[in-house]
Amino acid sequence: MAAILETKDLSIAFGGHVAVDRVSVQITEKKFTSIIGPNGAGKTTFFNLLSGQLSPTNGSIYFKNHDITKLSTTERTRMGIGRSFQITNVFPKLTVLENVRLAVQSQAKVRYHMLSHYLHYKKFEERAYELLEVVFLKDKAKSIAVNLAHGEKRKLEIAMLLALDTEIMLLDEPTAGMSLEEVPAIIDVINKIKQQGEQTIVLIEHKMDMIMGLSDEVLVLYHGELIAQGSPHEIVENETVQSAYLGGGV
Amino acid sequence: MVPFILTGRSMQFIFIQIFIFAIFAMSYDILLGFTGIISFGHVMFFGIGAYSTAITMSKFDSTIGSFLFGVVIAVILAAFVSFIVGVLTLRLKSHFYAMLTLALAGLFLVAAEKWRTLTGGNDGFTFRLPEIFRDSQSMYMFCLLSLILIFFGLRRFTKSPFGRVLMAIRENENRTESLGYKIVHYKVIASVVAGVVASFAGVLYALSLRFVNTGVFATDLTIDVLLMTIIGGVGTLVGPILGAGLVEFAHHWLSGLADVHWIFERWIILYGTVYILVVIFFPLGIVGTIQSRFSNRPLKGLRDNRKANENKGRRAS
Amino acid sequence: GDSEGASSETKDTVKVGVLISATGALETYGGMTERGFKLGMEYATDGTMEVAGKKIEYIFEDTETDPTIARQKALKLLEDDEVDFLVGSSSSGDTLAVTPLAEEYEKIMIVEPAAADSITGSEYNDYVFRTARNSSQDAIAAAAAVAGEGVKIATLAPDYSFGHDGAKAFIEAAEELGAELVHEEYADQAATDFTANIQKIIEKKPDYLFVVWSGANTPWNQIVDMRVEEQGIKVTTGVADNATLPSMKPLVGMEGFTLYYHTLPDNEVNDWLVEEHKKQYDGEAPDLFTAGGMSSALAIVEALKQTDGDTDGATLIEAMEGMSFETPKGTMTFRPEDHQALQEMYSVTLEESDEFDYPVPVLKRVLTPEETAPPIMNE
Amino acid sequence: MESLLELKQVEAFIQHYHILHDISFEVPKSEVTVLLGRNGAGKTTTLRTIMGLNQVSKGTVRFKGEEISNRSTHQIAKRGIGYVPEDQGIFNGLTVGENMRVAMKKEDEETTKRMEWVLELFPDLKKFWKKEGGQLSGGQKQMLAISRAYVNRNDLLLIDEPSKGLAPIIVDKVTESIQQMKEQTTIVLVEQNFMMASNIGDHFYIIDDGATVHHGKMEELKEDKITMKKYLGIA
Amino acid sequence: MDLLISLVINGLATGMLIFLLAAGLTLIFGLMSVLNFAHGGLFIWGAYTGVWVFQMSNSFILGIIAAISIGLLLGLVTERLIVRPVYGNHIQQILITLGFMLVLQELIKVVFGPDQKAVFPPDILAGSFIVGDIVLIKYRLFIIAIGILIFVISTIILKKSRIGLIVRAGVMDKEMIQSLGINIKLVFMLVFMVGAGLAGLSGVLHSVYSGVIYAEMGLEFSILAFIVVVIGGMGSFSGSLFAAILVGLAQAFMAYYVPALSLAVNMLLMTIVLIFRPQGLFQVKG
Ligand SMILES: Nc1ncnc2c1ncn2[C@@H]1O[C@H](COP(=O)(O)OP(=O)(O)OP(=O)(O)O)[C@@H](O)[C@H]1O
Ligand SMILES: Nc1ncnc2c1ncn2[C@@H]1O[C@H](COP(=O)(O)OP(=O)(O)OP(=O)(O)O)[C@@H](O)[C@H]1O
Ligand SMILES: [Mg+2]
Ligand SMILES: [Mg+2]
């Protein structure tokens, strides 16, 4: 199967500190890829490079064989790269519904309409409710986002990402802080998307059981470098990964 | 309710001023309330509108034709300048943006001061009006009508999908970007809309005074309009209208008290106190506070929280 | 007279609306005009407040030194109070926002004390008469006070209309008198540091430095600190209101001019003014624009006498053009061409006084109305 | 056993929402008490209420026998309570070093020692000493937040989800560090990572819909499948 | 050469004067992020009170002390009544502090009368020295000295103590700083008072410099101070000093060499700086 996203020698340095160091990977279309690595390994930074929040000091990124290295976040989102954020990043003073609705609206390409009323687009709201249902947040639809508990904000993040319906979904620790009960439910949601086989998913997580259960392929970053790549099982067996990342506990 | 038919030219004049500043304040609300931009230089567009009209009216004969020509020039100039200002200042954050706009407006003031052949310097100049505007009643109706049309126009604008994105930008720029919206476009368009509407307010202002001087570029006016917007309630569009009315009337009424008792000669103290009281009792502006009473808007929280904190402070000390 | 019928009242009453800055930056000036106007009415009617069988009423309104408010108040006066005359105001901007209304309502407006040349120049209309001097008159007075054949002069003025008008008129007048301009300097009107400007002037070595200044941020201290006089440059300027005299302490010995100081004009009207003002206001002497305020009242009463109480605009214009009347500053005459009142000004020396701890102007010479007549600028 | 912290029927509102209905628990000295519960149950609110960041509208909070409800936050903190908030509370514009310096109540020998210990625990912080807090990775922020609470000698630490976003190897370290701290400091922990919670917790309280509904010893909970299912939704 | 020296000295003095005003604002606006438009009100109160005491007692030192005291006192009142309810909310800050500014400015007229007042330097600081061909105005040298003094003291205090850090941290996250056992309300109040005290000080120093005081001078100068704080980079004392001197020198040199642009010099300077360095000249560190 073809690589939908490819990086070549992708690097970024902050001052003297190289956070992502010559990473070349291919992410296969419609597969589930996970990225693991110690704290500060450069995972989030790698996402930031892919989604355009940061621009690399070196190297390039290809999406479906187009060089997108120079494109902005917006353009990449429009092409089909969507992401969720590690630190919750929502519209704090808008309602939960409105948060999702804005994402739906963007997906429907209703962007510069200045003369029609936004409520005329009934479909958007319906779709937003649907998505909130998926992440167990429907009863909070009218709450203001800032008032949500931490775990609830994470769910909202996921709903917004789902709303964008992008070809690639970059998930940065989606279940961090989510309750024991809901982690499996969210995993279910992700699994469902995987089952549908329409989207490519890239996941950053520290929960190894999740990684093991979901991934087709695992990438390991360490000090910014890609040190291992392979199936979940290969990775767990890998000694470097064990000593650098997993520690004795697992 | 706004009295639609009002007799007495001096009352009409006060209302005309309210309408004009309501339009100006609404344009400011597009920036402040809907896009989250604090500008200290919004008056530059107002001034552009005022001078464009005044200069065309004094250079050409006083006909409707040259008035319309003046309006066209005002709109084009304001759109152009607001576009440039928008583009120039987009990389700046909050205070820096505010200060840069202050500087730009300051440069316009200096230009008006210095380009004496065109502007008559700071004393200003008078000009003649086309026939229909000489009648106060029709001037009044014209301003009222403009206010109503602009209000509904802007309301539609803010309630459109586009307007919703503006609010999203106000809340969280980065996130809006990663939803696939080009925030630069939105901000520039908002800046142009606000600029053009403000310049139209300036056009009306010059008409209503039949006179223009460098005062139309003075920071005081930005401050006035800022206060009107905040008093009424930012992000509400009705608020600025109410704010304009309130500020004008508080002003009118308090300054009128000077005849009642010598103490009121210092009516400005009371006027300043009104501002302070508004923040204390209507922290979200009048319309904002009322709205939050009737709905579960987030804003309500801000106020209750503050009260709770205050109580806490009191109890602790 | 509330008991009288409204219609008869309007007929028998002449109303005057006076626009002043009672608050805001120019409120001191507003206060002077107000007192002067009241005293003027008292003097002109011998306290009866009646002229040609009509009662005179006046209403003061505060423009707050804001053209919008000025226009609003003027409309109130014209519409609601139905005044027959307007007087005002303290600022040129306010005045210009109102003069078109005088024309529109066909009411006479006496401009006092706004000084912009344009009021009786480019923005002139028939209904406007000015008892105040204009900037050019100031400047010509200044020139008359110091200029002469071969005298080298320089100017320092604030960088806006007032300063430019003043400097230009001064230079023209001075050159006419044979003086030679060596330097023109303009400083930011809000500046607090004038040293660079003064430096430049010193380098040009003029005999006289004429300073036009109206802000509170005066350059006097720095002129002294920079030792301008010691380099043989004499400073000259207009002496403004009493409040500014203390700040002119460094300028003792200066030769300049003034519009009015209560000890200068020697005539009956002024004697009355000084005495009455002191009586009514706690021993305080009348100030810069008090005489002006009084003159505007005197002009109105005189005009009404001439028309026998007729307040029709056209009639009044005819009567007032060329009209001469006695004021605290001697005889004033409205020039028919531009309605500017020609008036006395005073060439003075600033001297220490026994009475106050600040210097006061002492009369050198009365500059006659003809001497300070400004060019006609309303073509 | 003496209890260091005691909440009795605490109720609290956030704005006009009644969030805590009935929270009662006791925290015995020198032990780790874990608060468990679903998302939105009110765990964070409970900690914030103890810290005085939320008003107690009814009930009492006692610390060392003294009533501290509705005292101001800084007074509560000064009595010897350290807090690691859920959102880490990093001062983004300050460097790592400055973040630590602001937190240090004293600059004596003991603090210096603790600092050394903390930096050994999380060498990353030393490495990024001059970096701005806002530029740290998610996990590094978490480490900084924990370290800030560790440098002072506190009698009680309230820690909200420390393991969130940490790599397994660091979770182990944090677990270890908490066990070390236990000797001098009592700890209240909110944790979703059940593994970690059960490893270090002595007692647990379950919060559901703003009320404490169940409590007991941690070992017992591991066996108590019914409670686990009912309140935590795990089998 | 003489000309150059004279321009530099005068520019420096103006700069220092602006710095003194901006120093207070650097604390209040730069560190605490409070848009305090009443700063100019504190400035005129310092000016009037200081001048009044100076003229009554004939002691400039007493005048200075009075100005600082009234600044501190008004700072206390302003912080408690006006600013405390609106921390973190710029929009409300603008409204309430402008309201208070009007009140302060108008109260000046009630207490001290509406007229402008002339002020003369104390005898030892009056007049000028002549060194070669250069005229050195004594009072300006004095201002430069005071400016340096204030800069050094405040830099030492901010460097040596945690106070700067605490204030900045408090602005970023008020709850967290309180959770660390710091009474941030008290800290904010004290810092605000110090800022207001500096405003008062600069008020009285400025009155003597310009030779005259009037009620409206407050707002004019506070805008200048805002400009300087922004050009310098928010919250940086060195930045404010540098920017203030830059503004002072630019004014002096422009007035001499390009008088046509001297009206616009501040605005131009700010425009240029912000376009090329959007975060101001100095970034806040330590
Ligand atoms: N904007 C930035 N400026 C400077 N350094 C940065 C910036 N963003 C990230 N870094 C540094 O780059 C390194 C990688 O950070 P990144 O956030 O990618 O880590 P991560 O792998 O996502 O870690 P975690 O699992 O803790 O989230 C870290 O050391 C971090 O401090
Ligand atoms: N500011 C607020 N306004 C309104 N409701 C709030 C606010 N903060 C929290 N809540 C609500 O209070 C409830 C408890 O929140 P809290 O943060 O204490 O939950 P939690 O148990 O810590 O959850 P999580 O595990 O997700 O962090 C939630 O339902 C939340 O939506
Ligand atoms: Mg990360
Ligand atoms: Mg929580």
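First the proteins, then the strands, lettered A, B, ... as listed; each starts at 1.
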Checklist line | Residues of residues 218-228 of chain C with any heavy atom under 4.5 Å of a heavy atom in chain E | finding: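 Residues C/Thr218, C/Asn221, C/Gln222, C/Asp225, C/Met226, C/Arg227 are the ones that qualify, each having a heavy atom under 4.5 Å from chain E.
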Item checked: Residues of residues 157-171 of chain C near chain E, each having a heavy atom less than 4.5 Å away ->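 Listed by number, the contacting residues are C/Asp159.
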Note to self: Please rank C/Asn197, C/Asp193, C/Asn242, C/Thr28 by heavy-atom pairs under 4.5 Å with chain E and give me the top one.
What the structure shows: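 With the most close heavy-atom pairs to chain E, the winner is C/Asp193.
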Notebook entry, point to check: For the candidates C/Gln189, C/Met248, C/Lys200, which exhibits the highest count of non-hydrogen atom pairs separated by less than 4.5 Å from chain E?
Noted result: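 Result: the option with the highest number of such pairs is C/Lys200.
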Check: Just checking heavy atoms, which of residues 102-120 of chain E are less than 4.5 Å from chain C?
Finding: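 Only E/Lys109, E/Pro114, E/Asp115, E/Gln116, E/Ala118, E/Val119, E/Phe120 of residues 102-120 of chain E have a heavy atom under 4.5 Å from chain C.
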Next item on the list: Identify the residues of residues 205-215 of chain E whose heavy atoms come closer than 4.5 Å to a heavy atom of chain C, ordered by number, or report 'none'.
Entry: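 Against chain C, the residues of residues 205-215 of chain E that fall inside the cut-off (heavy atoms, under 4.5 Å) are E/His206, E/Val208, E/Tyr209, E/Ser210, E/Gly211, E/Val212, E/Tyr214.
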Any chance [atom1] of [X] has more than 12 other-residue heavy atoms, nucleotides or ligands included, within less than 6.0 Å?
| X | atom1 | value |
| --- | --- | --- |
| C/Gln231 | CD | yes |
| E/Leu62 | CG | yes |
| C/Lys234 | NZ | no |
| E/Phe242 | CZ | no |

Note to self: Once rounded to the nearest 0.5 Å, what's the spacing between atom CG of C/Asp188 and atom CG of E/Asn266?
What the structure shows: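 Reported to 0.5 Å precision, the distance equals 7.5 Å.
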Check: Can you tell me how far the CG atom of E/Asn10 sits from the CZ atom of C/Phe194, to the nearest 0.5 Å?
Finding: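 Here the rounded value is 12.5 Å.
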Note to self: Under the criterion side chain to side chain contact (heavy atoms under 4.5 Å, CB included), I'd like the reasoning laid out for E/Ile137 against C/Thr195: C-alpha separation, chi angles, the key distance, then a yes or no.
What the structure shows: CA-CA 10 Å; E/Ile137 301 175; C/Thr195 48; 4.1 Å; yes
Notebook entry, point to check: Which atom names give the shortest non-hydrogen contact between E/Leu7 and C/Ala196, and what distance separates them?
Noted result: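 Minimum heavy-atom contact is CD2-CB, 3.6 Å.
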Notebook entry, point to check: Quick one: what part of E/Phe221 sits under 4.5 Å from any heavy atom of chain C, side chain, backbone, both or neither?
Noted result: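 For E/Phe221, the contact with chain C is made by the side chain alone.
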Item checked: Side chain, backbone, both or neither of C/Ala243 within contact of chain E (heavy atoms, under 4.5 Å) ->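 Both backbone and side chain of C/Ala243 come within 4.5 Å of chain E.
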Check: Do you know which of E/Ile130, E/Leu17, E/Leu136 has the most heavy-atom pairs with chain C at a distance under 4.5 angstrom?
Finding: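 With the most close heavy-atom pairs to chain C, the winner is E/Ile130.
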